[in-house]
Amino acid sequence: MSQLATALDLVRSAAPPRDFTLVGIGGRGGSGKSTLAHRIAASRADVQVVGTDSFWNGTNFDLPRLRTEVVDVLLRGAPATYEAWDWATRSAAGLVEVFPRGVVLIEGVCALHEMFRHDLDVRIWVDAPYDLRLARGVERDGEAARATWTEVWMPSEDAYVARDNPVPSAHLVIDGTTTY
């Protein structure tokens, strides 16, 4: 069975106490978590993807805003609206609406953060080695971003993983070195 099939079975078998399944896909930058999230979304018509990258405020990730504007609202059974961030223009990208139905998939480095972890019906961690993650990041962001990856992003992610310990909370750990 492929890793994608295993993840889809896990999502399908979840028995949430509400009308939608809340899934978190976490992993360090360049591990393949966004690719997995989009493959899950392409496999099911009822998937809505919320990227933690949308909660960048120009300085850091505003996870409390993700909690209050999306997670808490959805858990109350209401549609959630949030202002997304556009990394290319480094500015607000407009409003996004998410509905409490089907599968709501939160993906990003901090998707399994302690702040959300216990509300997630399914927790998936995508893992890949440092060199591969760096190569993917530089391929996506350009060679000029290498120093940002090695001096800012990757050490910050390592500190988050050491501090918050998200990996043991995962129901499934996916090998991000392979295709899904």
Side-chain angles (χ1 to χ4, degrees), residues 1-56 61 63 66-67 70-75 80 82 96 98-137 139-140 149 153-180:
M1 180 181 290
S2 74
Q3 294 187 101
L4 175 60
T6 301
L8 286 167
D9 282 349
L10 186 60
V11 171
R12 193 179 309 73
S13 67
R18 66 190 92 72
D19 294 335
F20 68 98
T21 303
L22 188 58
V23 176
I25 298 181
R28 291 174 174 93
S31 64
K33 65 198 167 306
S34 299
T35 300
L36 177 63
H38 293 295
R39 294 242 169 97
I40 290 173
S43 299
R44 294 183 55 141
D46 65 343
V47 176
Q48 302 164 84
V49 177
V50 177
T52 60
D53 282 358
S54 289
F55 292 85
W56 181 255
F61 291 99
L63 298 180
L66 172 57
R67 177 76 213 190
V70 177
V71 176
D72 288 344
V73 174
L74 291 173
L75 291 175
Y82 65 92
V96 177
V98 183
F99 300 92
R101 62 176 180 244
V103 175
V104 176
L105 196 157
I106 298 172
E107 72 86 13
V109 172
C110 297
L112 303 189
H113 192 280
E114 178 68 30
M115 188 181 306
F116 320 114
R117 186 177 302 160
H118 301 291
D119 292 310
L120 298 169
D121 303 304
V122 176
R123 295 180 297 276
I124 300 171
W125 182 263
V126 182
D127 201 22
Y130 179 97
D131 290 341
L132 178 59
R133 293 184 288 111
L134 178 58
R136 287 174 175 169
E139 180 181 336
R140 183 189 68 202
W149 272 85
W153 294 121
M154 296 177 100
S156 174
E157 293 167 356
D158 289 343
Y160 155 70
V161 170
R163 179 184 63 249
D164 205 61
N165 202 23
V167 183
S169 77
H171 298 109
L172 176 65
V173 176
I174 297 272
D175 178 1
T177 65
T178 63
T179 58
Y180 309 118

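Below, each value reflects all heavy atoms present in this structure, side chains not excepted, and no hydrogens, waters or symmetry copies.
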When rounded to the nearest 0.5 Å, the distance separating CG of Leu134 from CD of Glu139 is 11.5 Å
Taking C-beta and beyond as the side chain, do Trp125 and Ile174 meet within less than 4.5 Å on heavy atoms? no
Sequence neighbours excluded, the answer for side-chain contact (heavy atoms from CB on, under 4.5 Å) partners of Val109 is Lys33, Glu157, Tyr160
Between Cys110 and Leu63 the two heavy atoms that sit nearest each other are CB-CD1, 3.7 Å
Applying side chain to side chain donor-acceptor pair (under 3.5 Å) to Asp9 and not counting sequence neighbours gives Arg12
query = Should Ile25 and Leu112 be marked as a side-chain contact (heavy atoms from CB on, under 4.5 Å) after you check the CA-CA gap, both sets of side-chain angles, and the distance that decides it?
reply = CA-CA 7 Å; Ile25 298 181; Leu112 303 189; over 6 Å; no
Rounding to 0.5 Å, atoms CG (Leu10) and CG (Leu172) come to a distance of 6.0 Å
Does the side chain of Trp149 come within less than 4.5 Å of Arg136's, by heavy atoms? no
I want to check something: taking the side chain as every heavy atom from C-beta on, are Ile106 and Val23 in contact at a cut-off of under 4.5 Å? no
So salt bridge (charged side-chain N to carboxylate O under 4.0 Å, His left out) across residues 163-180, not counting sequence neighbours, yields Arg117-Asp164
Check your understanding: Counting only heavy atoms not in Glu114, do more than 12 sit closer than 6.0 Å to its CD atom?
Key -> yes
Residue set satisfying salt bridge (charged side-chain N to carboxylate O under 4.0 Å, His left out) with Arg123, at least two apart, ordered chain then number -> none
Heavy atoms of Thr177 and Pro129 approach each other most closely as CG2-CD, 3.4 Å
Checklist entry - Should Arg133 and Asp127 count as an ion pair when the cut-off is N to O under 4.0 Å? => result no
Contacts of Asp46 meeting salt bridge (charged side-chain N to carboxylate O under 4.0 Å, His left out) (sequence neighbours excluded), chain-then-number -> Arg44
*asked:* Walk me through whether Leu105 and Gln48 qualify under side-chain contact (heavy atoms from CB on, under 4.5 Å).
replied: CA-CA 6 Å; Leu105 196 157; Gln48 302 164 84; over 6 Å; no
Within a strict 4.5 Å, meaning less than it, do heavy atoms of the Val161 and Pro166 side chains meet?
-> yes
Min side-chain heavy-atom separation His171-Ile124 under 4.5 Å: no
Can any side-chain N or O of Gln3 pair as donor or acceptor with the backbone N or O of Leu36 at less than 3.5 Å? no
Next item on the list: Would you check if Phe61 and Asp53 make a side-chain contact, meaning some heavy-atom pair closer than 4.5 Å?
Entry: yes
field: Test side-chain contact (heavy atoms from CB on, under 4.5 Å) applied to Met115 and Val71, step by step
entry: CA-CA 10 Å; Met115 188 181 306; Val71 176; over 6 Å; no
Heavy-atom nearest pair, Phe55 first then Leu66, reads CE1-CD1, 3.5 Å
- Dump the intermediate steps for side-chain contact (heavy atoms from CB on, under 4.5 Å) on Val50 and Val104, then the final yes or no. CA-CA 7 Å; Val50 177; Val104 176; 4.3 Å; yes
How about Asp119 and Arg67: do any of their side-chain heavy atoms sit closer than 4.5 Å? yes
Quiz item: How about Arg28 and Val126: do any of their side-chain heavy atoms sit closer than 4.5 Å?
Solution: no
Here the side chain to side chain donor-acceptor pair (under 3.5 Å) pairs for residues 13-27, sequence neighbours left out, are Arg18-Asp121
_Pair Glu107, Thr52 - check side-chain hydrogen bond (donor to acceptor under 3.5 Å, both in side chains), show working._
CA-CA 6 Å; Glu107 72 86 13; Thr52 60; 6.0 Å; no
For Leu4 and Ser43 the tightest heavy-atom approach is CD2-OG, 4.0 Å
